Structure formats: C-alpha cells, structure tokens
2 protein chains.
Amino acid sequence: MQNDHFQPHDHARCISTALDAAERFCAAQGLRLTPVRKRTLEILLSEHRALGAYDILAKLDADGFGSQPPVAYRALDFLTANGFAHKVEALNAYVACTHPGAEHAPAFLICRSCGVVEEAEAAPDKGPLARAAREAGFAIERAVVEAQGTCPACRSAHP
Amino acid sequence: MQNDHFQPHDHARCISTALDAAERFCAAQGLRLTPVRKRTLEILLSEHRALGAYDILAKLDADGFGSQPPVAYRALDFLTANGFAHKVEALNAYVACTHPGAEHAPAFLICRSCGVVEEAEAAPDKGPLARAAREAGFAIERAVVEAQGTCPACRSAHP
DNA sequence: ACATAAATGATATAACATTACACATCAACC
DNA sequence: GGTTGATGTGTAATGTTATATCATTTATGT
Ligand SMILES: [Zn+2]
Ligand SMILES: [Zn+2]
Ligand SMILES: [Zn+2]
Ligand SMILES: [Zn+2]
C-alpha cells in the first residue's frame, strides 16, 4: 500500500493534494467547484473518517451556507459523481477520495475503533465476486466493497 | 455456481430448505424461532429480492403481529445474527440467506432491473481487499461485498 | 410456585434522504 | 449590454430507515 492513513502522516499534504486535484479536474472538465462544494470537500478532507450528511450540513450551516439537507446532499452528489468523494454504504456516511481524478473502483478498510477509513482499489475484474459474476453471466456495473475491523494502530494500543 | 436464482427454478424448494435448516439450527442451538421470527423469515424467503424493514413490517402487521418498527427490526436482528438473513447495505434492505446454517461471509449480485439478489461466497481471505488488509496490518471482522449490475435474464430480455 | 431471563407491545424520537418550488447566478447569444 | 436558458442555491415540507426506553408478557430452570 503506497499510503497508510491509519498511521500518523503528513495530513496537510493529503488535503492540499486532493484539493488541488479537484480544482484541476474541474477546470479541465468545465465543472464548477463552487464555494459550497469546495467547502464540503474541505470538510470531508479534514479527517480520514466518514462523516454523515448531517454532520457536514451542520458545518456548512455554521459557515454561512444553507441549513437544509439538500445543501449537503447536493454538494455530496456533485463530489461523488465526479469521484472526489465516496459514500460508505455500511455507515451511511461520506469520505473524501484519496485517489482523486483517476477512474477507480474504491474498496474500504474501516476501523471500528478509531473510525479511520482507508481507501484501496477494488479491482472489479478480480477476486471471488468477479468469478461468481462471470459464472452467472452477471454484468457488474458498480461494486460496494467495505471491510470493517481493527487497524494496526488500534490493535497495538488495545492488545 | 451451484444455484442461480436469476433463472426460473423450483423456488418452493428454496423456501422449504431454508425454513427447515433454520428450524434444525434453532433446535440444535436452543434458539427460539418464535412466530414473528418465523413469519419474517417466510416473508423474506418469498422472493429472491431484498425487502425494506417497513415492507416487512406492513406484512407482519397485516398478519396480526405488531405494527411498530421494533417488531420488524427485532425479528431481523435475530435472523441476521444467526445467519438466516442478511442486510444488503447498498439497498438498506434485507434478504433471506440461501446458504443457511453454515458460517459464511456473504457477497451479493444485485440486479438493478429485476431486483433479484443472488448470494455468493465472499472468501474473505482472498481477493484484492484481503491483500490490501494484509499489507496494512488490518484485521477484517466483517466484509460487505455487493455488486450491482444486470443479470443474464434481464440482459437477454432487454438487449 | 417462584425467580430469572428472554421476548414482545407501545410510545417516542433519532438519523438519513428526497421532492418541490422560488430565487439567484452564470454563460451564451443577439 | 440586455435577453434567455441552464445551472446552482435557499427553504419548507415530507418521506424513509433505525433506535431508545419502559412496561408487560411469556418462557425457562429450580
Ligand atoms: Zn491524511
Ligand atoms: Zn483504528
Ligand atoms: Zn428460489
Ligand atoms: Zn435481473
């Protein structure tokens, strides 16, 4: 794994890299990274945790944006549609993407103890699921791959 | 794949096999497959689709059981805790298990068109996710593996 | 029969998400 | 520069999924 966000790391770099990638991508594609959208991405980027839509909404409201659910959901729709964030289905929560820009099928390692969500590559054409799909003649369009467990940092802290 | 529930099949056999397995397992483990729980399992078994908790609740209510959400959620908790049913996270809905009794890590193929959910084995120690987890030193406790796409029956119907 | 534990009934509330409509902003064109 | 249509935002209302709590009933073991 090239990055391991369970361990201490230069997180300011995570933030600036992702923000920068989003800005470039939007400029290149003619997408509008408006203030609410950018702020929502910044909120998600602040930690490697999944945040609920209403947590995000509260922060947006505090920052002077709207206070109603669609404010958060619309920004999240934009971010997820363009690959800057993902929804973690097992948590009904949202996390910033750590592989921004590139097309990819995300998989997640979710620590139950500290809440950190690490993104990995799902490799949709490999693994047991892909094999089952081929055998059944099933055409996969989207895959949700989310593992819950304990990260190395938490395990060494509570042995 | 030994079973393929996207195709027509002897579904009465699916039902009786699963119900029978649940009854045996409960008898062997001293678990109580009470009327609400059994009826909930029958409702889930009626189709190879995922049903929302409130859909189930409506049927339980119609059958003279309680009408309040905990009635359905408690029955679903029992069924999922004992492996007779699973929650499909991507749909916030529940499906009967087709591998009842045995310990297993389920994976799902979900057809967007007809709604059929086929259960496969996730093989939690294989595949890209398991590899990423090993590299990160992450201990997986539970895995959510759900593929959405189109089944062979729907693809041949709408080519 | 009694004590204990497990399950159920019922009320309320929390958490997550969408629809609908009015208004503002922006880009493109004349 | 003003018009126009498309896109984005603010807000109210509502829909959907899930849990907390407490009283009551039912099963279990002695
Ligand atoms: Zn970081
Ligand atoms: Zn952790
Ligand atoms: Zn069947
Ligand atoms: Zn289908």
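In the text below, chain A, chain B and the rest are named by the order of the sequence lines, each starting its count at 1. What you see is a predicted model; the values in this text were computed from it and never measured.
A salt bridge does not link B/D55 with B/K59: every distance from a Lys NZ or Arg NE/NH1/NH2 to an Asp or Glu carboxylate oxygen is 4.0 Å or more.
The stretch residues 28-52 of chain B participates, sequence neighbours left out, in these ring-ring contact (aromatic ring centres under 6.0 Å, His included) pairs: B/H5-B/H48, B/H9-B/H48, B/H11-B/H48. Screening residues 35-49 of chain A for salt bridge (charged side-chain N to carboxylate O under 4.0 Å, His left out) gives A/E23-A/K38, A/R39-A/E42, A/R39-A/D63, A/E47-A/R49 as the qualifying pairs, with residues at least two apart or on separate chains.
Direction change of the helix axis from one end of the helix from C/dA1-D/dT30 to C/dC30-D/dG1 to the other is 30°, with five pairs defining each end axis (rounded to 10°).
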Sugar-phosphate atoms are those with a prime plus P, OP1 and OP2; base atoms are the rest. Using that split, label each nucleotide of nucleotides 6-20 of chain C B, S or - for protein heavy atoms under 4.0 Å, 5' to 3'. SSBBBB----BBBBB
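In this structure, the CG atom of B/L51 is 13 Å from the P atom of D/dA18, given to the nearest Å.
Annotation: salt bridge (charged side-chain N to carboxylate O under 4.0 Å, His left out) contacts of A/D77 (sequence neighbours excluded): none. For A/R74, there are no side-chain hydrogen bond (donor to acceptor under 3.5 Å, both in side chains) partners two or more places apart in sequence or in a different chain.
A/F78 places a side-chain heavy atom less than 4.5 Å from the side chain of A/L31.
Side chain of B/S46 to main chain of B/I43: a donor-acceptor pair is present (N/O by atom type, distance under 3.5 Å, no hydrogens or angles).
Listed here is the closest heavy atom pair of B/A50 and B/L91: CB-CD1, 3.9 Å.
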